[in-house]
Amino acid sequence: MKAQRLGAVALLVRDYDEAITFYTRALGFELIEDTNQGNGKRWVLVAPPGALPGTCLLLAKAEGDEQVQAVGNQSGGRVFLFLYTDDFWRDYHAMRERGVHFLEEPRTEAYGTVAVFRDYYGNKWDLLEPRAAE
């Protein structure tokens, strides 16, 4: 059987530097790589602290009308990305202090503690601490 894994998820952004600033400062992600590829293109990878190797967001600068219009709405208004945490309240309070806008109050569901927030561009995310297996 072959082993497979997702290496990165491309996220359309308006500007590399503003995106790096948001993801590293507001969400506390680490800048994994920022390589100039010429012609205004860069290979920019960010990841949450403690992420498994290769679990990254590829910050991709939008080009052309179709991509520019998709910035902040890559999932048609649904929650797009799920940020798992081992301590919901620690991360929730830290993110709020750094200016992250949550769309709802935290709630407890059968699967864990969760709250929806928007990133810098308007994409919806879940901050989620999964319920421990009983």
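Start at 1 with the first residue, then count along the sequence.
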Nearest heavy-atom approach of Phe80 to Ser75 is CB-OG, 3.5 Å
In this structure, CG of Asp34 is separated from CG of Asp17 (nearest 0.5 Å) by 7.0 Å
If you look at every heavy atom in Lys61 and Gln67, which pair is closest and at what distance? O-OE1, 4.1 Å
Could you state the interatomic distance from OG1 (Thr85) to CG (Asp91), rounded to the nearest 0.5 Å? 3.5 Å
Same cluster (ILVMFWY, side-chain, under 4.5 Å), Leu58 and Val9: no
Spell out, yes or no, whether Trp43 and Tyr23 are grouped together once hydrophobic residues are joined by side-chain heavy atoms under 4.5 Å, including indirect joins. no
Value for CZ (Arg96) from CG (Leu127), rounded to nearest 0.5 Å, stands at 12.0 Å
Could you grab the distance from atom CD of Glu104 to atom CG of Asp126, nearest 0.5 Å is fine? 7.5 Å
Any side-chain heavy-atom pair of Lys124 and Arg118 under 4.5 Å: yes
Flag yes if Leu103 and Phe82 sit in one hydrophobic cluster, no otherwise; membership is Ile, Leu, Val, Met, Phe, Trp, Tyr, and two members link when side-chain heavy atoms are under 4.5 Å apart. yes
Looking only at heavy atoms, which two atoms of Pro106 and Ala115 are closest? And how far apart? CA-CB, 3.9 Å
Side chains of Glu66 and Leu12: closer than 4.5 Å at any heavy-atom pair? no
Is there a path of hydrophobic side-chain contacts, each under 4.5 Å between heavy atoms of I/L/V/M/F/W/Y residues, joining Val100 to Tyr84? no
Report the C-alpha distance between Leu27 and Val46 in whole Å, list the side-chain angles of each, state the deciding distance to 0.1 Å, and finish with yes or no for side chain to side chain contact (heavy atoms under 4.5 Å, CB included). CA-CA 10 Å; Leu27 297 189; Val46 295; over 6 Å; no
Name the one of Phe117, Trp125, Phe88 that satisfies ring-ring contact (aromatic ring centres under 6.0 Å, His included) with Phe102? Phe117
Any link between Val68 and Leu59 through a network of hydrophobic side chains (Ile, Leu, Val, Met, Phe, Trp, Tyr) touching at under 4.5 Å? no
For side chain to side chain contact (heavy atoms under 4.5 Å, CB included), just list the numbers for Tyr16 and Lys41, CA-CA rounded to whole Å, side-chain angles, deciding distance to a tenth of an Å, and then say yes or no. CA-CA 9 Å; Tyr16 293 115; Lys41 291 186 178 186; 4.3 Å; yes
Do Thr113 and Tyr92 have side chains that get closer than 4.5 Å, going by heavy atoms? no
So do the side chains of Val13 and Val44 get within less than 4.5 Å of each other, counting heavy atoms only? no
By side-chain hydrogen bond (donor to acceptor under 3.5 Å, both in side chains), Asn123 pairs with (sequence neighbours left out) Asp119
Are Asp86 and Arg90 packed together at the side-chain level, in the sense that at least one heavy-atom pair is separated by less than 4.5 angstrom? yes
Which heavy atom of Leu31 sits nearest a heavy atom of Thr24, and at what distance? N-CG2, 4.1 Å
How far apart are the closest heavy atoms of Glu109 and Val114, and which atoms are they? CG-CG1, 4.0 Å
If you look at every heavy atom in Pro49 and Gly28, which pair is closest and at what distance? CD-O, 3.4 Å
Residue pair Leu83 / Phe29, side-chain heavy-atom distance below 4.5 Å: yes
Count the heavy atoms belonging to other residues, nucleotides or ligands that lie under 6.0 Å from CZ of Arg78, then report whether that count exceeds 12. no
Going by heavy atoms in the side chains, are Leu128 and Tyr111 under 4.5 Å from each other? yes
Tell me whether the centres of the aromatic rings in Phe22 and Tyr121 are closer together than 6.0 Å. no
Is there side-chain contact between Ile20 and Arg42, with heavy atoms separated by less than 4.5 Å? yes
